[in-house]
Amino acid sequence: MTAKKRNILVTSALPYANGDIHIGHLVEYLQTDIWVRFQKLRGHNCRYFCADDTHGTAITISARKKGITEEEFIAGVSRSHQADFAAFGIEFDNYGSTNSPETRRFCEEIWSAIRKAGLVEEREIKQLYDPVAQTFLADRFVKGTCPKCGRTGQYGDSCDCGAVYSPTDLIDPVSTLSNTTPELRSATHLFVEIERCHEFLEDWVANSGALQPEVVNYLKGQFLSDALWPWDVSRPAPYFGFEIPDSPGNYWYVWFDAPIGYMGSTLQWCRKSGEDVNFWWKNPETEIHHFIGKDICYFHTLFWPAMLKSAGYTLPTKVHIHGFLTVNGEKMSKSRGTFILARTYLNHLNPSYLRYFFATKTSPRVDDLDLNFEEMEARINADLVGNIVNLASRSAKFASVTGLGDTYPEDGGLFRKAADLSEEIAAAYEERDYGKALRYILECGYRANKFFEDAAPWTIRKELEAAGGDANPDAFRRLQDVATVSVNLFRQIIVYLTPILPDLTRQSEELLGCRITSWSDASEPLLGKKIGTYKHMMTRVPKEGIEAMIEETKNLNTPSGAEQPPASSEEAAPASEAAVSDDQWKDSGQPLLDEPMSETITIDDFLKVDLRVGRIVEAEQVAEARKLLKLKISLGGSETRQVFAGIKAAYPEPEKLIGRLVVFVANLQPRKMKFGLSEGMVVASGPGGPDVFLTFPDEGAKPGMRLH
RNA sequence: GGGUCAGUAGCUCAGUCGGUUAGAGCGGGGGACUCAUAAUCCCUAGGUCCGGGGUUCGAGUCCCUGCUGACCUACCA
């Protein structure tokens, strides 16, 4: 290892102060934390800074909903974020907030620099304004009818039909904040003419080495091949953020101050620790590493370097860009129970599992990363518990009897071999290729277990016992040798794993009676020590923990769940009364009890569902399917849809359905099923199985008619 | 429609500058052992390296083309 001590400043993207930390966030913070711990273990002067991203309209809205000020709101979120991070062992040197005097200081400095550089232009733009909520409306806060196809309930920027437009083009626009009609107002906005940095950016992107090759391609093809659009960095009051000093009534857009929050957080730490902020941000001898997700690549690879460059700050040494998290191969989903909050995870599973599993999946590429629970279980159980922790468990049992010898015994070159891997493993960590690092580390584990197996210390112990006490010093010596080797091989592995599993290191230190403070500890054997009694370091992944976590996530997200716990009982009460009421039909209240009413929706919500009268023109069994019938629904004219409906048990003779009219959900996203594409849904009631009852329109209805 | 990336054993992946019989872990099958959290160790399973062309003495590895998938983008990030 080179003796040169590097200065390394590291950041993770600032989490937005508008929601809880979930496992998707953790992909980034865990991989950054691992990288930082690695650099520190290598003896470098490394600091990790982060902060909450606290500005913008969304924060104001959330605070209002709770009836508190924005400052109160973000303070609460910050506490919760930091608690979650700490529980996962993510250690920042400073965790700040963009709503801080330190961040404001840098905003002002950088702003005046880009003003001076002639990058700022003013322009009038027309925008929808909500007079009730007293705010200008971003695209996603306006809904209305698409000017092209006439669909209702579309967002301000685009329609499901594919049309793209500006919110001012919407017919009957409605503010989603107040449900009132917004008015058109014009306002002055400030734009950064980033195109003036085009040449610099092109060069930096291509030649700095700061970006992954696929990112370079992406930026070149997607942005740098054309003129760069001016960047709108201001928002008119009221806006929760910092007022622009030379443009009263205007505020910096949240994305202007977010990356500057990195600097603000650094300064905060500098003030506490007596360091010079310029040593970290204006120093060619200091490296700056940003870890971000691919969604915010644009801001960090174009705007941010342009801002830094204009203000004379150090450009990023490396922007480490990672992909998104999927769960069981799909996007995280609230209803499937895979939109898992950090806290929910912590309620059921050991954070080390996730640290380890994410590490196995981490590569320097921008690829998405999949969390498959079965795979996670298998890898933790096999790699960590079976291979590595088990090595400690089995060797410590003997080592605690014999202690470690004073000289390192002959081990067939195993210790040497693992020590020789030191730089390769380090290189893999450095490149953020933790999966590769772990492959090397696990090899050490296999070799160590094999050594232990071949040496068979349990048979040596039997020799000892047969001889009775100390009567066989040779056997004792051999037993001590085996223990010394295997404990040391274990310790090497633990040194290498320390960035990923700091808790496991702590437990190992206790067992070994010796701290692990440096990467080079892996190259020096530990000798002449007593070894403590082994205590379990890690248990296998509890299946029920995973299930309970998913269950809890589902409950957090269903209307009848934790948010409104009394809902079902309250609503059930009147239904029970109905059951005993004296109406002539004597209908039971049971169905309503079985499936309580959903929460209230607006007419717009309802209109989203396009219900049509359809005629079943074909109906057939799907031989291999347990529950499905294949239907062809005509909507009149030549319009037909193929549908797979789970009604086989209720309608065992599909040919009897042919010709009948049904109510049909016509705009449901098509779904690929095992037997083909299902392009909608027929409406039916009942609990399922044989008790499914299709809904038939009254006489006179024609295929294609919409239900209102 | 344009772009980026990927497609290697049931699963997750490794395969450096093109070079000899394509690898690992998990899982499966068989065996051994008992120190250890049913963990460990040994043996084994045989995949047209997505398909098709081409370059080459030689291609999983380079070029072209097709297919499939993920993501981005579709004249406001």
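Convention: sequence-line order gives letters A, B, ...; per-chain numbering from 1.
- Taking only side-chain atoms of A:K397, from C-beta outward, the nucleotide of B:rC75, B:rC41, B:rA36 with the closest atom is B:rA36.
- Pair assignment for B:rG1: B:rU73, on the basis of Watson-Crick or G-U wobble contacts that are both within less than 3.5 Å.
- Between A:E374 and A:K543 there is no salt bridge, since no side-chain nitrogen of the basic residue lies less than 4.0 Å from a carboxylate oxygen of the acidic one.
- The side chain of A:K361 approaches B:rU12 more closely than any other nucleotide in the set B:rU12, B:rC72, B:rA36.
- Salt bridge absent: A:E443 and A:K417 never bring a charged side-chain N and a carboxylate O closer than 4.0 Å.
- For A:Y16, there are no ring pair (Phe, Tyr, Trp, His ring centres under 6.0 Å) partners at least two apart in sequence or on another chain.
- The gap from the P atom of B:rG28 to that of B:rU21 amounts to 32 Å, rounded to the nearest Å.
- Side-chain N or O atoms of A:N328 include one that pairs as donor or acceptor with a backbone N or O of A:F373 at under 3.5 Å.
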Listing time: all N or O pairs from protein to nucleotides 3-9 of chain B that are below 3.5 Å?
from: B:rC5; atom 1: OP1; to: A:N217; atom 2: ND2; distance (Å): 3.1

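- Using a 4.0 Å cut-off, no side-chain N or O of A:K450 falls inside it from OP1 or OP2 of B:rC41.
- OP1 or OP2 of B:rU40 has not a single side-chain nitrogen or oxygen of A:R394 nearer than 4.0 Å.
- Close to B:rG25, at under 4.0 Å from its OP1 or OP2, lies no side-chain N or O of A:R439.
- Taking the centre of each ring, A:H22 and A:F339 come in below the 6.0 Å mark.
- The nucleotide whose nearest atom lies closest to any side-chain atom of A:E453 is, among B:rA77, B:rC26, B:rU40, B:rU40.
- Here the nucleotide nearest the side chain of A:F324, chosen from B:rC71, B:rA77, B:rA39, is B:rC71.
- Base engagement by A:V389 is indicated by at least one non-hydrogen atom pair under 4.0 Å involving a base atom.
- Following rounding to the nearest Å, A:K436 (NZ) and B:rG15 (C1') show an atom-to-atom distance of 11 Å.
- With respect to the salt-bridge test (charged N to carboxylate O, under 4.0 angstrom), the residues A:K361 and A:E375 qualify.
- Ion pairing of A:K294 with A:D368 is present here, as a side-chain N (NZ or NE/NH1/NH2) and a carboxylate O approach within less than 4.0 Å.
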